[in-house]
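Read the structure below first, then the notes.
Values reported hereafter were calculated over all heavy atoms of this structure, with side chains retained and with hydrogens, waters and symmetry mates removed.
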Amino acid sequence: MISNTLDKKWQELWAARELFQADDYSKKIKYYVLMMFPYPSGSWLHMGHCKNYIIGDVISRYKKMQGFNVLHPMGWDAFGLPAENAAIKNNIHPGEWTDKNIEVMKKQLKKIGICYDWSREITTCAPDYYKWSQWLFLKFLEKGLAYKKTKKANWCPKCLTVMANEEVVDGVCWRCKTEVAQKELEQWFFKITDYSDRLLDDIKKLKGWPEKVKIMQENWIGKSYGVELDFKIENSPAGEKISVYTTRVDTIFGVTYLVIAPEHPLAQKLARGTKYEAPLKEFAAKLKRQSEISRTSDLTEKEGLFIGAYAINPFNGERVPVYAVNYVIMEYGTGAVMAVPAHDQRDFDFAKKYNLPVKVVIQKPDNNGRPAADLTEAYISEGIQVNSGEFDGKKNTEAIALMSEYAEKNKIGKKTINFKLRDWLISRQRYWGAPIPVIYCDKCGIVPVPEKDLPVKLPFVADFQPKGGVSPLAAIKEFVEVPCPKCGGAGKRETDTMNTFICSSWYFLRFCDPKNDNAAFDIEKIKYWMPVDQYVGGIEHAILHLLYARFFTKFLFDLKLINFDEPFVNLFTQGMVLKDGQVMSKSKGNTVEADPLIEKYGADTVRGFVLFAAPPEKEMEWNDKGIEGIWRFLGRIERFIDNTLPLIKDAGPVVPKQLPKELKAFYITLNKTIKKVKEDVEREFHFNTAIAALMEFVNFLYAFEPSEEQKNSKEYRALLRLSSEDILLLLAPFTPHICEELWERLGHKESIFLNRLPEFDPAFVIAEEKEVPVQVNGKLRGRIIISAGTSKEEALARAGILPTVIAAIAGKKVVKIIYVQDKLINWVVL
RNA sequence: GCCGGGGUGGUGAAACUGGUAGACACAAAGGACUUAAAAUCCUUCGGUCGCAAGAUCAUGGCGGUUCGAUUCCGCCCCCCGGCACCA
């Protein structure tokens, strides 16, 4: 009876009754559960996707059955390169390709019984959505947080566009895995670095986020406390100084040379006109050709050359040579570093190679004045200052503070904070994205497109291939050539489009008010629905999307457009589905499609199996061996209810206090099951053990044999009916179709989802009889069954007569008896 | 290298604050029903010894704390994820 016909029947009824539509401003408490919306890639849904949406669906239905006003929307992150590539390959418009894919995916989501409020569906490539993405861009521009600059940017030679640092993973493009190159280009940036501190500090507020994700964000932001110190250049008529940044000012007396990035303007300037000029130029040129990854990999051998200059250590006046090296990068700190080979591994490696002196200034606590020649590696741990003038004898951890103060007082340096986080590069040289709404005018400069002219619609183009670092839009004359909105003179439209992460940085807000033509969203609706109570998605977005979404939220909070500054209260990152040890994905060709399984077993079995196989946060290696187990389980429930239907059709309510002993134990088993299922779901979504508890209960029902006189008693019949109903209610979020169906067979006219989950009766969750393990010296020697609350004396008496216990104690001296009421008895003997 | 998370039967996994290790399933074996098969129902199912009662070993390895450790502590091995010349 479990079948696709059944799936279809209920899916249609749910849709027709608008059962899962969220109600703005309902008096019920709201609950916003959101899945990271997908890119409509057109691949048939595979089990990896399904797991994700099934988890969200269970949460959504469960919350609904707890009486919440649930918002569970779905949309499409529909701008992006695959659509464009498909367009180039198959000569189909990206929009058309995207729409088709959305249709397919939507149908599939419905087929596994996911209940979204489809009336709120949004598509980021639709003008009524990207109009507001553009509007948000203008807000950033207005506040000075969007700016243009020329910078060496990450360039993907395959996608033919630039990308943000966050999109470069292990030196390759996160999407196409091509090695990323560097290209000097003028680009649009969002000043996310203005929010570095808040993005970092507010991680504390994210109590409902996995520790792992928070740590990843923290590392990405990469805040460090240090000192910037000025080293004067010896014999420099212009009074040049090299500024270095260090987090280890305590090692300043150990500086034996300075290292500077070869592209540092000062390096070039100091070498000018000397015999070092030419080699330095060559060295810099060589590094420029090298990709960022091979340059900054710590496997790359350290290389460098003396540039002919000496610098003076501001602490002790020592004269040290300046080297241009490959291991210092211009983008971080000041682009120059003081080298302390004794206490920094990189400097140590370099010093060994070029025979530079090593001077120990931090002594290991357990080692008296170890000579530098002895060091086989840098000593980077804590210790005591030596060879450090007036700071000798101090703990280095204390010296850091003292020496920072000293530097500030003597005006040779200042305390500085550095971040690894860089500004977000948001322009892309591609067609299928939201056009950046600005116009260039020779007279007025960069002019924002007036709000009334939004959206700047993507024009229809024939050739989607980007050319020479510019978007295909640049070839559309009608698009590019527009009058300047300010002076009316000749203007040129920006042809870059926005990074798609912009569209996904605020979509959760649009779901609260998806049809608004006058604003991105209405503040009152936002106040009602936001923040998202439960966000669910893949760990792969731990930095990219989640950091950007937090940034947008804080920006909108500052504009007073929203009333909270963190978007997601709870975050759940589900484990990926693997096949042959690899993430399931279309490009790898290792997908297991959901469709055939749904055809064979129905949606409920597929859902149940995915949930039962492992806890949801854990990654699972796909194997459909176990699917029969869920199929049988659902069959057992159906048969049980069908078979007992004559007995329970008109059964009355259970009156717990009047139950005879045997049935009371039955009732307690039911209550314990309710408690366990709800606890497991509410404690980190452990659906697997919740389902196992229900299986156990069903097994109990099959095994239970009432006595002759109870068989047809009204108490027994009431208990059977209650059990059947509670099983269905508890199981409904997991396997909704069969539960609806059986609920109906029990005689209910309304959807099961309009009912509350059962509550357990706290007076009936403790079994009256307990099996207690009996140990001798912690080793299990037997078990006794006692009624709850049996006294210590009686329990010991009962346990003490067990032959195994007598044998184990015989001839030994009893030292102690451990007794835990109703739980454990343990004799300690010598 | 650093930071996270793991390592439990043939398999997926349970064991929530230290208290009966392996719940619940899959696979396997046997049985019942059936002309037969499927479906269903019942039984067995970590290793070794034993007819059995039971004994003994067993949660990556070695130690420690404890009456008692999958759980706490120390050291080590392996796997997965993240970060990584960031000064």
Side-chain angles (χ1 to χ4, degrees), chain A residues 169-170 210-216 218-220 222-224 226 244-248 251 259 295-302 325-329 331-340 344-347 349-350 380 418-422 539-540 542-543 575-576 578 581 609 612-615 617-630 632-633 635-636 639 676 679-680 683-684 686 688-699 702-703 771-783 803-804 807-808 815-818 820 823-830:
Chain A
V169 176
D170 290 332
E211 219 41 49
K212 197 199 212 174
V213 174
K214 291 195 275 186
I215 289 168
M216 280 163 76
E218 225 172 277
N219 290 340
W220 188 261
K223 185 177 190 174
S224 74
V244 302
Y245 172 73
T246 180
T247 55
R248 289 293 303 273
T251 64
V259 283
R295 160 113 184 241
T296 58
S297 158
D298 64 356
L299 297 170
T300 305
E301 179 147 9
K302 288 167 186 50
V325 300
N326 62 346
Y327 69 93
V328 170
I329 52 172
E331 288 74 32
Y332 183 77
T334 60
V337 183
M338 60 185 219
V340 186
D344 182 290
Q345 193 57 41
R346 294 156 297 180
D347 297 335
D349 295 343
F350 187 82
I380 56 172
N418 259 310
F419 291 93
K420 286 202 258 180
L421 183 69
R422 312 286 162 78
I539 186 76
E540 66 273 19
I543 296 170
M576 293 176 294
L578 308 179
F609 175 61
F612 180 67
E617 74 277 7
K618 213 187 145 171
E619 43 182 52
M620 59 188 273
E621 172 69 33
W622 180 261
N623 180 352
D624 43 29
K625 275 278 170 55
I627 198 163
E628 297 274 347
I630 293 289
R632 283 179 206 145
F633 168 59
R636 271 162 80 80
R639 279 190 298 278
K676 167 94 176 130
E679 275 173 1
D680 284 351
R683 173 174 62 94
E684 299 177 52
H686 278 196
N688 56 332
T689 49
I691 292 172
L694 286 165
M695 286 176 167
E696 257 181 286
F697 186 61
V698 171
N699 291 346
Y702 268 78
E771 193 189 41
V772 174
V774 181
Q775 305 178 336
V776 177
N777 283 349
K779 272 209 170 93
L780 186 70
R781 292 298 164 187
R783 304 176 173 94
T804 46
V815 186
K816 199 155 96 174
I817 296 168
I818 311 270
V820 185
K823 271 232 158 134
L824 177 103
I825 301 166
N826 183 17
W827 271 274
V828 185
V829 298
L830 276 178

Select one nucleotide: of [options], the one nearest the side-chain heavy atoms of [X].
| X | options | answer |
| --- | --- | --- |
| A:E696 | B:rA87, B:rU20, B:rC24 | B:rC24 |
| A:K816 | B:rA23, B:rC67, B:rU20 | B:rC67 |
| A:K779 | B:rU56, B:rG12, B:rG19 | B:rU56 |
| A:I215 | B:rG19, B:rG4, B:rA13 | B:rG4 |
| A:M695 | B:rA55, B:rC24, B:rA14 | B:rC24 |
| A:R422 | B:rU20, B:rC86, B:rA25 | B:rC86 |
| A:R346 | B:rC85, B:rU40, B:rC16 | B:rC85 |
| A:N688 | B:rC16, B:rA14, B:rC85 | B:rA14 |
| A:T689 | B:rC85, B:rA14, B:rA13 | B:rA14 |

Work out how far the [atom1] atom of [N] is from that of [M], and round it to whole angstrom.
| N | M | atom1 | value |
| --- | --- | --- | --- |
| B:rC85 | B:rA21 | P | 49 Å |
| B:rA55 | B:rG63 | C1' | 27 Å |
| B:rA23 | B:rA15 | C1' | 8 Å |
| B:rG22 | B:rU70 | P | 12 Å |
| B:rG18 | B:rU65 | C1' | 12 Å |
| B:rA13 | B:rG60 | P | 15 Å |
| B:rC24 | B:rC49 | P | 28 Å |
| B:rU40 | B:rU59 | P | 37 Å |

Can you find a donor-acceptor N/O pair under 3.5 angstrom joining the side chain of [X] to the base of [N]?
| X | N | answer |
| --- | --- | --- |
| A:N826 | B:rC67 | yes |
| A:K212 | B:rC3 | no |
| A:Q775 | B:rU20 | no |

For [N], does either OP1 or OP2 sit under 4.0 Å from a side-chain N or O belonging to [X]?
| X | N | result |
| --- | --- | --- |
| A:Y332 | B:rA87 | yes |
| A:N699 | B:rA25 | yes |
| A:R636 | B:rA25 | no |
| A:K618 | B:rA13 | yes |
| A:R781 | B:rA55 | yes |
| A:R639 | B:rA39 | no |
| A:R632 | B:rC26 | yes |

### More than 12 heavy atoms from other groups under 6.0 Å of CD1 on A:I380
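Atom CD1 in A:I380 is not crowded, with 12 or fewer foreign heavy atoms closer than 6.0 Å.
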## Note on the structure
Pairing string of RNA chain B (Watson-Crick or G-U wobble, both atom distances under 3.5 Å; | = paired to other strand) is (((((((..(((......[....))).(((((.......))))).((((....))))..(((((..]....))))))))))))....
### Message
Rounded to whole Å, please give me the gap between CG in A:D680 and C1' in B:rC24.
### Response
12 Å
#### Entry: Distance, rounded to the nearest Å, where A:K823 contributes NZ and B:rA15 contributes P
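After rounding, the reported distance stands at 15 Å.
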Describe the nucleic acid contact of [X] in one word from base, sugar-phosphate, nothing, applying a heavy-atom distance below 4.0 Å.
| X | result |
| --- | --- |
| A:K625 | sugar-phosphate |
| A:V328 | base |
| A:E771 | base |

### Query
Looking only at side chains, do A:D349 and A:Y327 share a donor and an acceptor under 3.5 Å apart?
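There is no such pair between these side chains.
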### Query
Does the cation-pi check pass for A:K223 over A:F419, that is, NZ or CZ under 6.0 Å from the six-membered ring centre and within 45° of its axis?
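A:K223 over A:F419 ring: no.
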### Task
Show your reasoning for whether side chain to side chain donor-acceptor pair (under 3.5 Å) applies to A:S224 and A:N418.
CA-CA 5 Å; A:S224 74; A:N418 259 310; 5.3 Å; no
